Amino acid sequence: YKARTYKEASNYISKNIEEHNKHHERAFRKDAAVACEFIFSYSPTTGQDMHFAREFELEVLTFLKEQYPLAKCLAIARHCDESSFHWHVVLTFYDKDTHTLSIRNNIGGPGDLKRAQDVFADRVKHLGLERGIPKQITKSKHKTKRQHNHDILTQKEKEDRLIEQRAKEALRNIFGEDR
């Protein structure tokens, strides 16, 4: 896998769409699925050390290679910007014979992706990981890095105020007044 930036991945896709349009009467559909981004993560309670992260990352890459052997990895990134380590992997499939990028023919639809999640969950059970609860049930929403950092700072400020309040109460209890 060659790690690329999202901009490089976008340029690769644009180049291949142009190539497709040169070889086909019908232009590439603007709404066609040309790439698929996978996000792999685990709960911070499981393990945050780098050894565990590397072991998980190896499982991610091996799973992708086995599950989608014809895939071309456009971008891969390891992030630690939220509450847990997580990986973003962007895959595409390029057919040299037809000069076409095709996700649906190689990955399938939403049902196929859910089945792939189940396969991956079975694969990482030995690490002590279990399949998460679907977003539709938890109603959880992805936070931007900015929102995540803001939430952490807000929580820290609350904790600091609570510690200060407890310290004042302790002083009042000991000396009978604010100090």
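Quick note: numbers below take in every heavy atom, side chains included, and nothing from hydrogens, waters or symmetry partners. Please read these numbers as outputs of a predicted model, since none were measured by experiment. Here, residue 1 is the first one in the sequence, and each next residue gets the next number.
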When every non-hydrogen atom of V90 is compared with those of A35, the smallest separation belongs to CG1-CB, 3.9 Å
*Would you indicate whether H24, at its atom NE2, is surrounded by more than 12 heavy atoms from other residues, nucleotides or ligands within a distance under 6.0 Å?*
yes
* To do: Kindly say whether V34 contributes a backbone atom to a donor-acceptor pair with the side chain of T92 at under 3.5 angstrom?
  => yes
request  = Answer yes or no: is there a side-chain heavy-atom contact under 4.5 Å between E19 and H23?
outcome  = yes
Next on the checklist: What I want to check is whether the side chains of Q147 and D151 have a donor and an acceptor closer together than 3.5 Å.
Outcome noted: yes
- Task: Hey, can you tell me if F38 and F40 have their rings parallel, tilted or perpendicular (30° and 60° cut-offs)?
- Result: parallel
In this structure, NZ of K15 is separated from NE2 of H20 (nearest 0.5 Å) by 15.5 Å
**Prompt:** So, R78 and E57, do they make that salt bridge, N to O below 4.0 Å?
**Reply:** yes
| request: Start with the C-alpha gap between D160 and K156, add the side-chain angles, then the distance that decides, and say whether side-chain contact (heavy atoms from CB on, under 4.5 Å) holds. | output: CA-CA 6 Å; D160 288 350; K156 176 90 171 90; 3.1 Å; yes
Taken to the nearest 0.5 Å, the spacing of N16 CG from L74 CG works out to 8.5 Å
Measuring only between side-chain heavy atoms, which start at C-beta, is V60 closer than 4.5 Å to I76?
no
Using the ring of each side chain (for Trp, its six-membered ring), is Y42 parallel, tilted or perpendicular to F56, with breaks at 30° and 60°? perpendicular
Report task. Check whether any side-chain heavy atom of R131 lies under 4.5 Å from a side-chain heavy atom of F120, and answer yes or no. Result -> no
Of all heavy-atom pairs linking L91 and L64, the shortest is CD1-CD2, 4.0 Å
Closest non-hydrogen contact found for I103 with C36 is CD1-N, 3.8 Å
Minimum side-chain heavy-atom gap K168-Q165 below 4.5 Å: no
- prompt: Given L127 and E55, is the side-chain contact (heavy atoms from CB on, under 4.5 Å) satisfied, shown in steps?
  reply: CA-CA 8 Å; L127 295 175; E55 204 172 335; 3.1 Å; yes
dist F93:CZ -> L70:CG (nearest 0.5 Å) comes out at 7.0 Å
Practice item. Report the C-alpha distance between K7 and N11 in whole Å, list the side-chain angles of each, state the deciding distance to 0.1 Å, and finish with yes or no for side-chain contact (heavy atoms from CB on, under 4.5 Å). Key: CA-CA 6 Å; K7 185 175 182 175; N11 289 339; 4.2 Å; yes
So CD of Q117 and CG of D122: to nearest 0.5 Å the spacing works out to 12.5 Å
Check the pair R161, E164 against side-chain contact (heavy atoms from CB on, under 4.5 Å), reporting the backbone distance first and the verdict last. CA-CA 5 Å; R161 282 195 298 272; E164 190 174 323; 5.6 Å; no
For V119 and Q67 the tightest heavy-atom approach is CG1-OE1, 3.9 Å
Tell me whether K114 is salt-bridged to D118, with the criterion being a basic N under 4.0 Å from an acidic carboxylate O. no
The reported gap from NE2 in H79 to CD1 in I39 (rounded to nearest 0.5 angstrom) is 9.5 Å
So does Y68 get a backbone contact from the side chain of N106, meaning a donor-acceptor N/O pair under 3.5 Å? no
Look at atom NE2 of H126 and say whether more than 12 heavy atoms of other residues, nucleotides or ligands are closer to it than 6.0 Å.
yes
Rounded to the nearest 0.5 Å, the CZ atom of R123 sits from the CG atom of L129 at a distance of 13.0 Å
